[in-house]
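Residue numbering restarts at 1 for every chain, and letters A, B, ... go by the order of the sequence lines.
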Protein chains: 4
Amino acid sequence: MQRFALIGAGFIGSVHAQSLAAHPAVDFRLVYDVDSARAEALATAHGARAARSLAEAFDPELVDAVFIASSTDTHAENLRRAADAGLAVLVEKPIDLDLAHAAETVAHVERAGVPAMVDFNRRFDRDHAELKRLVDEGAVGEVALVQLTSRGPALPPLDYLRVSGGQMRDQTVHFFDLARWITGLEPVEVHVAGSALADPRVAEIGDVDTSAATLKLAGGALVQIDSVRHTGYGYDERIEVLGSTGMAESGRMRAGGVTRFRGTEAVSDGLHAGWFERVQPTYAAALGAFVSALETGAPVPVGLRDGLRAQAIAEAATRSLASGRSEPVDALV
Amino acid sequence: MQRFALIGAGFIGSVHAQSLAAHPAVDFRLVYDVDSARAEALATAHGARAARSLAEAFDPELVDAVFIASSTDTHAENLRRAADAGLAVLVEKPIDLDLAHAAETVAHVERAGVPAMVDFNRRFDRDHAELKRLVDEGAVGEVALVQLTSRGPALPPLDYLRVSGGQMRDQTVHFFDLARWITGLEPVEVHVAGSALADPRVAEIGDVDTSAATLKLAGGALVQIDSVRHTGYGYDERIEVLGSTGMAESGRMRAGGVTRFRGTEAVSDGLHAGWFERVQPTYAAALGAFVSALETGAPVPVGLRDGLRAQAIAEAATRSLASGRSEPVDALV
Amino acid sequence: MQRFALIGAGFIGSVHAQSLAAHPAVDFRLVYDVDSARAEALATAHGARAARSLAEAFDPELVDAVFIASSTDTHAENLRRAADAGLAVLVEKPIDLDLAHAAETVAHVERAGVPAMVDFNRRFDRDHAELKRLVDEGAVGEVALVQLTSRGPALPPLDYLRVSGGQMRDQTVHFFDLARWITGLEPVEVHVAGSALADPRVAEIGDVDTSAATLKLAGGALVQIDSVRHTGYGYDERIEVLGSTGMAESGRMRAGGVTRFRGTEAVSDGLHAGWFERVQPTYAAALGAFVSALETGAPVPVGLRDGLRAQAIAEAATRSLASGRSEPVDALV
Amino acid sequence: MQRFALIGAGFIGSVHAQSLAAHPAVDFRLVYDVDSARAEALATAHGARAARSLAEAFDPELVDAVFIASSTDTHAENLRRAADAGLAVLVEKPIDLDLAHAAETVAHVERAGVPAMVDFNRRFDRDHAELKRLVDEGAVGEVALVQLTSRGPALPPLDYLRVSGGQMRDQTVHFFDLARWITGLEPVEVHVAGSALADPRVAEIGDVDTSAATLKLAGGALVQIDSVRHTGYGYDERIEVLGSTGMAESGRMRAGGVTRFRGTEAVSDGLHAGWFERVQPTYAAALGAFVSALETGAPVPVGLRDGLRAQAIAEAATRSLASGRSEPVDALV
């Protein structure tokens with residue numbers, strides 16, 4: 001049994017609380033939040049208790065691992081705390097919005113030698129993982145072209161967007177990670193074209209809501225990623241990998257399997273209304289993989305370095321949006 | 001080159017005229033119709049000429065083969081003429097609405113030894129033929145259950161229905177043939193339940209427009225066929241074969257590949273508006289197979305006996321509609 | 001909060017235990033099983049306790065409702081106990097394999113006036129329920145033809161089949177219920193053709209493993225149901241409803257959304273390996289609907305009479321298998 | 001009736017000859033080719049005759065229109081000849097590989113005032129045209145993102161690639177045209193990343209075989225086009241248009257509708273083996289639209305200016321491949 005503390009009791013914290021409570025090999029002990037009432041409520045609902053202080057949540061006498069789901073600006077500090085306490089740690093992305101600071105943090109955690117994983121939950125999507133397995137077993141030959149689609153139904157609040165770091169760092173970063181993971185190849189350069197089409201105020205805060213990123217991977221394979229903040233048809237996520245001998249895809253997921261035929265049309269259930277309905281099962285799967293690594297002593301399936309690499313691509317992508325040309329991806333982090 | 005006469009210049013005759021004119025190994029010579037103006041017009045449109053008499057259309061000095069697409073009540077007589085003249089013959093189903101008379105006709109033609117084929121054109125559908133190939137190569141193991149769907153968009157005119165012989169003999173007979181052909185097994189008994197739902201006048205003329213037929217094949221495998229005269233969504237035809245190790249299907253065919261997503265729905269192109277759009281390519285393919293058999297001396301791909309067998313099933317099916325019980329299929333024709 | 005006792009701690013009991021434990025408005029109190037160790041283990045795993053006796057599980061001081069998931073031969077007796085104790089009751093089908101005895105039991109429970117529901121869980125499948133909603137709102141017009149497919153991957157053990165009551169009563173009965181529910185129409189007569197194709201020993205025990213049932217509903221609409229005990233391709237369940245103005249279907253459900261294209265083929269994820277993967281979410285949904293009815297005082301969504309009606313169809317279907325003719329469905333139960 | 005001469009009797013010329021011969025309002029008169037035997041053979045096969053000289057093919061006494069399907073380097077000269085003779089003209093793309101020369105040619109033809117159309121046949125694909133219709137009627141709202149896929153199964157011969165002008169001018173140009181046509185918007189700038197992955201010799205001749213183009217349209221909408229010269233799974237072409245209120249696509253087209261299910265897999269018919277099978281019906285449709293414009297006096301549906309515009313995008317795209325940055329599209333042609 002792994003004793004866990006959860007840091008952060010907001011929306012995503014409550015999602016993780018449910019996974020922690022349901023996992024048979026997890027002893028869900030403590031919840032900490034800057035809002036102690038919120039911590040209390042979440043802890044009670046899942047048979048844990050609220051930590052009396054942040055320090056208590058990192059007490060190795062009480063817990064073996066911490067799940068960091070607090071606000072982005074506290075990730076790095078909480079990672080250091082966990083490392084210093086010798087605790088295993090699972091952290092929401094990003095490590096830190098500042099890449100250099102993120103890199104220092106990772107170096108610190110690595111020196112401590114604790115198991116540390118970034119929660120790139122989409123890697124644990126059943127279909128994406130099956131696609132990765134097919135690519136690994138050679139089902140498409142040498143990878144030549146990857147296409148990823150990332151489209152959310154509704155623009156997040158502008159207040160959120162203002163502190164999000166921009167579309168590349170906030171949204172597309174998940175797909176930079178998927179591209180690296182599925183191909184096993186590092187991007188060399190990236191070009192992004194973007195526009196603010198859903199709401200002109202997005203442009204005012206210097207961001208885009210519709211973008212097309214192109215990555216060139218080592219060896220020449222290409223990656224296309226389209227990122228959209230606002231669709232009129234729900235949440236659309238898919239991946240396609242073309243190789244030298246074939247193609248494989250993790251397709252668009254429908255919300256149901258009902259179709260009606262009338263006249264010259266067939267009307268079917270469309271896509272999931274929101275991202276959460278689509279990716280929900282991945283959270284428990286990611287936690288399960290982390291716990292399994294702790295139990296067996298195997299390496300965690302997504303290292304902090306993976307978080308840094310995806311972030312470095314997002315940095316280059318953000319630069320490209322401004323410069324209008326392909327930007328090299330920092331290979332040193 | 002095979003010199004052809006076409007008997008019958010109605011709708012289906014004009015379809016066959018087009019195939020005859022387009023086939024590179026066919027010399028399309030003559031068209032005969034009781035309405036000589038109609039024959040003239042069709043012949044002219046395709047570079048043939050109208051026969052001066054029915055006799056001329058069966059003159060072995062002028063033609064090698066006749067395609068019988070005249071009215072149902074003349075099929076048998078025209079088959080005998082072709083046989084007596086030593087001509088190869090391709091005939092629209094049925095051979096004759098009276099099974100005994102049809103059987104005598106077939107015996108007569110067989111004694112003459114001419115190549116003679118029933119135009120069960122659906123056997124030449126690309127997808128159905130591929131399904132047959134898969135079943136033959138063992139892709140589903142031993143056949144256990146076959147499902148066929150036969151649904152037309154609109155009730156034919158009552159005047160047509162009155163002389164059609166009823167839904168089993170007119171519509172379902174094609175699917176009785178497909179069931180035999182795909183499985184390679186003969187039906188032992190058949191049960192049909194039917195209703196007149198599209199138009200109460202169908203019941204008044206003793207027919208049904210919606211029916212569910214169940215065949216038991218030699219060895220115990222089952223066949224389900226639904227036949228519908230009126231859908232609100234176009235023409236729907238498909239076949240599914242379940243066997244001991246898997247299942248294969250020739251699926252519902254869409255009229256196009258466009259889909260639009262909006263809100264919670266996906267709206268796609270529906271089915272073909274009518275049966276003709278769906279089965280059109282099969283006519284040329286059936287003719288091609290007949291001509292190819294003539295050119296190579298191989299047996300024709302669908303014999304007159306196949307027509308009789310399908311008709312015998314339709315007879316038993318018609319009896320079952322009246323008796324409410326499973327009826328044996330006459331094995332002797 | 002509704003206090004529940006669960007009767008039966010076998011496989012299906014353990015499925016229901018999970019739903020009971022997870023439901024926010026259920027206080028899962030007691031588990032009873034003839035094997036007290038099994039009851040103990042299941043209770044402990046879900047925060048309930050094992051009942052000291054069968055009587056205790058029906059004690060209205062301790063519980064408000066019982067969930068009967070014990071062996072089939074005890075359903076009727078346990079229903080009576082619940083009714084006599086004034087407890088709400090949710091029971092696995094069938095009420096009793098003997099239809100007359102089942103009818104007496106239902107009459108007894110009705111006199112007691114307690115809320116009582118048969119767990120026809122498939123009615124709570126998301127897609128089937130959406131299909132029902134579409135039919136109810138007139139999306140297909142007047143129902144003319146319904147097709148249901150019920151195909152399991154592997155023949156159950158012969159020891160199970162021997163006491164199952166036969167394919168109609170054990171397997172097809174769920175689809176008899178779905179047909180009634182979706183159309184809102186009662187079957188007047190039923191015809192079934194069946195064979196033992198998967199294993200000859202099925203014939204030796206007087207049962208079939210592959211069958212084609214045809215129901216005629218009041219008003220003339222038809223229903224086709226194919227029931228198969230052994231496929232080579234997983235679990236296949238679907239429903240199609242054709243009406244006077246269109247058609248709607250709850251389609252075949254795939255286990256995943258990955259496809260690979262190579263050469264001339266596209267290879268996709270197939271169906272679910274087993275029935276449980278396919279229908280799992282329906283158990284919690286059915287329980288939820290029962291609890292919701294208890295909380296609001298609304299009628300339960302599936303009454304015991306629904307269980308009797310489906311069983312009466314199964315009886316007629318079983319007679320038809322023997323007689324080879326359409327059998328009337330008893331309208332009096 | 002429109003009297004036609006066909007210039008060019010190679011592969012694509014023979015495709016057009018078939019369309020010309022089959023069109024009811026076309027009187028197919030003459031075929032010219034530098035290889036007179038080839039012209040003779042093609043003419044004979046379709047009831048036309050070989051022109052005695054190139055001049056004869058442009059003789060307004062003999063023909064009303066010419067179809068230019070000769071080698072690329074002769075297009076411009078033949079266009080001028082047609083214009084000077086006052087003949088209507090349908091020309092294979094490109095007008096000339098040199099954009100400035102192409103522009104001069106167009107200006108010359110425009111001064112002559114003859115109907116002149118570029119054969120961008122993909123605009124006449126049934127599904128693409130339906131997609132265009134949906135976008136025009138507002139089914140997706142304001143266009144935000146367009147994705148086009150252009151993937152051929154096999155690398156053309158290097159000898160062909162050497163004179164093709166490169167992937168942008170030879171292959172992607174069709175999709176530049178489709179993007180303009182469907183959106184009704186002009187591209188402002190274009191970025192392309194490309195690699196030679198299918199064959200290293202492609203790099204040696206300064207070309208790419210795998211590329212990702214991104215266009216920014218006036219107003220900010222984005223277009224992604226992937227162009228691939230070699231797939232392991234046939235010919236793949238599709239278009240997707242995302243707008244402010246929804247999305248619509250002209251989907252991947254399958255070569256057939258057969259699926260077999262076995263174990264955990266479903267194996268379906270894949271894509272068309274080659275581009276020709278996929279686009280074949282578009283040739284006759286394009287010719288039909290041209291002839292219809294001639295008969296009714298309406299403007300031709302694709303003007304020479306459309307050819308120039310697509311070519312200007314291809315020029316900018318080719319520059320971007322070299323510069324690694326977004327290149328402006330020349331707005332003046």
Start with the C-alpha gap between C:Thr231 and B:Met247, add the side-chain angles, then the distance that decides, and say whether side-chain contact (heavy atoms from CB on, under 4.5 Å) holds. CA-CA 8 Å; C:Thr231 73; B:Met247 188 265 279; over 6 Å; no

Could you check B:Glu142 against C:Leu197 for side-chain contact (heavy atoms from CB on, under 4.5 Å), going step by step and ending with a plain yes or no? CA-CA 9 Å; B:Glu142 293 294 307; C:Leu197 298 173; over 6 Å; no

Does B:Arg151 form a side-chain contact (heavy atoms from CB on, under 4.5 Å) with C:Leu242? I'd like the steps, not just the answer. CA-CA 10 Å; B:Arg151 300 182 191 160; C:Leu242 170 79; 4.3 Å; yes

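Interface remark: of the candidates B:Thr214, B:Thr149, B:Thr245, B:Val228, B:Thr245 forms the most heavy-atom pairs closer than 4.5 Å to chain C. Taking chain B as the reference chain and counting heavy-atom pairs below 4.5 Å, the highest number among C:Ala196, C:Ala198, C:Gly194, C:Gly234 is found for C:Gly194.
Salt-bridge formation is detected for the pair B:Glu240/C:Arg238: a Lys NZ or Arg NE/NH1/NH2 atom is positioned less than 4.0 Å from an Asp or Glu carboxylate oxygen.
In this structure, the portion of C:Asp236 lying under 4.5 Å from any heavy atom of chain B is its side chain and not its backbone. With a 4.5 Å cut-off on non-hydrogen atoms, C:Ala203 does not touch chain B at all. Of the atoms belonging to C:Glu327, not a single heavy atom falls under 4.5 Å from chain B. Only the backbone of C:Ile225 comes within less than 4.5 Å of a heavy atom of chain B; no side-chain atom from C-beta onward does. For C:Glu189, no part lies under 4.5 angstrom from a heavy atom of chain B. For a residue to count as touching a neighbouring chain, one of its non-hydrogen atoms must lie under 4.5 Å from one of that chain's; by this rule C:Ser323 touches chain B with the backbone only.
Put simply, the side chain of B:His191 never gets that close to the backbone of C:Ala193: no donor and acceptor are under 3.5 Å apart. In this structure, B:Lys216 contributes its side chain and C:Ser195 its backbone to no donor-acceptor pair below 3.5 Å.
Here the straight-line distance linking atom CG of B:Asp226 with atom CG of C:Leu145 works out to 5.0 Å at 0.5 Å rounding.
Of all heavy-atom pairs spanning C:Gln224 and B:Ala212, the tightest one is NE2-CB, 3.5 Å.
Atom CZ of C:Arg201 sits in a sparse spot, with 12 or fewer heavy atoms from other residues, nucleotides or ligands closer than 6.0 Å.
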